[in-house]
Number of protein chains: 2
Amino acid sequence: MRSYGQFCAVAKALDVIGDRWTLLIVRELLLAGPSRYTDLRSGLPGIATNLLADRLRQLEAAGLLAREEAPPPVASTLFSLTPRGEQLRGVLDALGAWGVEYMAEGPAPGDAFRGRWLAWPVERFLRDSQPDGQPVSLELQTGEAPLLVEAGGGEITARPGPGTEPDVVLSGEPYPILGLLSGRIGLAEARRRGVRLQGDAAVLARLAPAAA
Amino acid sequence: MRSYGQFCAVAKALDVIGDRWTLLIVRELLLAGPSRYTDLRSGLPGIATNLLADRLRQLEAAGLLAREEAPPPVASTLFSLTPRGEQLRGVLDALGAWGVEYMAEGPAPGDAFRGRWLAWPVERFLRDSQPDGQPVSLELQTGEAPLLVEAGGGEITARPGPGTEPDVVLSGEPYPILGLLSGRIGLAEARRRGVRLQGDAAVLARLAPAAA
DNA sequence: CCGCATCCGGGGCGATACTG
DNA sequence: CAGTATCGCCCCGGATGCGG
């Protein structure tokens, strides 16, 4: 991108990661770890393939991304963040915390969705209401890939992949599931909106809205 | 800007503030407070005037910015951030903290500079090495408007405006001044690069590089 | 199938000029 | 002082092609 030409920390940062799609590519790599080109594409619905290739080159040139050739029989290229790229987590956290407010409005018509995108709302909007209780786990099935949420010791973490014997499994549309988790709607209302629940519903009480 | 069309907190945030120049306008309003159109322009060297007008309209429509008509005899329009706009401080902090690394490389040829842009490097890169000592103040004269830096109680703050009887005044080019404050170069080297110092040089010892 | 390159239309952006 | 008007250009989006 064209430089702002300003000797300022914020402007210098935007010189590097201010291009369209760039931070969303970093988001995918932070959420999913080392990824193939095709997987990045599926995690970035709407991106043009030439733009993705361009951005990957720019990120590599800037030292934020490394490209490793996986050995046969995998025979695939893996893109991963360098330590410098990982340091963008703080920026993405701040952006996600600020943008999560717009999630409460629900998805716009035609909005795409991937299960792992719930990671920020879950970690940012919720807290563990019983820090001294036994750790509990939830599996969220909102798309292709499930998200595993764990609450314990006052902390809430979210990461991709199915859980081994989660205490409760929620499946359905992301918006009502997010509403249920955040307490904006109750279980009955969530069910009416197509959310299905398997397991121990009492586990949901462990998740409480975090103080703003 | 065109929406990313993704039901994701980060993407929704970028839908609102991802446009070119937008975050730099927020930077100016955070650093300088309510500002006139002309002052914003001078704080954003390189921006086209139609773009500034466009962005101000977008920010107003998004509820991040308010426009107040100052009464006569001032007879001027003031642009200020709404509370929602102020909440972007966390995003700018994260961006500045990440981008400050590029400041160590020095300004690119032709880079513009404004004194208040040093606020982030100073607050992020430095700490008060003697929290129990008397508060001290420094005035940095690097451009048109001076920056006032205060160290006391372990905290370092930076804000625009000249100080009343600062303990030390530094004037010169921003890069060597930044190097002097961060300890990358010594006082002798800084003087050789044109930095002039008035007052008590011992005060500089209060500022130490913050742990990375 | 994976990881792109190429082509082309539209719009955001940049610079300058101008105005109430 | 606070913008509007205009005009190129280049970035972006969408489609298609293509070698490994």
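Remember, predicted model here, so these are calculated numbers, not experimental data. Chain naming here is simple, since letters A, B, ... match the order of the sequence lines and numbering starts at 1 in each.
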Quick check: closest heavy atoms across [X] and [Y], and the distance to 0.1 Å?
{"X": "A/Leu78", "Y": "A/Arg36", "answer": "CD2-CG, 3.7 Å"}
{"X": "B/Ile185", "Y": "B/Leu180", "answer": "CG1-N, 3.6 Å"}
{"X": "A/Leu178", "Y": "A/Pro121", "answer": "CD1-CB, 3.7 Å"}
{"X": "A/Arg127", "Y": "A/Pro209", "answer": "NE-O, 3.6 Å"}

Phosphate OP1/OP2 of C/dA15 contacted by A/Arg2 side-chain N/O (<4.0 Å) =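 Indeed, a polar side-chain atom of A/Arg2 lies that close.
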message = Measure CE/B/Met1 against C1'/C/dG10 and give the value in whole Å, please.
response = 16 Å
query = Of all residues at least two apart in sequence or in a different chain, which pass the ring pair (Phe, Tyr, Trp, His ring centres under 6.0 Å) check with B/Tyr175?
reply =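 Scan of B/Tyr175 (ring pair (Phe, Tyr, Trp, His ring centres under 6.0 Å), adjacent residues dropped) gives none.
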key: Neighbours of DNA chain C within residues 18-27 of chain B, by heavy-atom distance under 4.0 Å   =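 Result for residues 18-27 of chain B: B/Asp19, B/Arg20, B/Trp21, sorted by number.
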query = Okay, side chain of B/Arg114, backbone of B/Ser42: is any donor-acceptor separation there less than 3.5 Å?
reply = yes
A/Gln198 side-chain N/O to A/Val169 backbone N/O, donor-acceptor pair under 3.5 Å =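 Checking the backbone N and O of A/Val169 against the side chain of A/Gln198, no donor-acceptor pair under 3.5 Å is found.
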ask   = Could you give all pairs that pass the salt bridge (Lys or Arg N to Asp or Glu O under 4.0 Å) test and reach residues 155-178 of chain A, with sequence neighbours left out?
value =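 Every pair satisfying salt bridge (Lys or Arg N to Asp or Glu O under 4.0 Å) with a residue in residues 155-178 of chain A: A/Glu150-A/Arg159.
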task = Return each pair, listed once, that meets ring-ring contact (aromatic ring centres under 6.0 Å, His included) where at least one residue sits in residues 77-109 of chain B; pairs must be two or more places apart or across chains.
result =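 For residues 77-109 of chain B, and leaving out neighbouring residues, the ring-ring contact (aromatic ring centres under 6.0 Å, His included) pairs sorted by first residue read B/Trp98-B/Tyr102.
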Atom pair CG (A/Leu52) and CH2 (A/Trp21), whose distance is rounded to the nearest 0.5 Å =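 Answer rounded to 0.5 Å: 9.5 Å.
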task = Return the angle between end axes of the helix from C/dC1-D/dG20 to C/dG20-D/dC1, with five pairs used per end and rounding to 10°.
result =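 Comparing the first five pairs with the last five, the axes sit 30° apart.
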Close residues, residues 37-62 of chain A, relative to DNA chain D [heavy-atom separation under 4.0 Å] = A/Gly46, A/Ala48, A/Thr49, A/Asn50, A/Leu51, A/Arg55
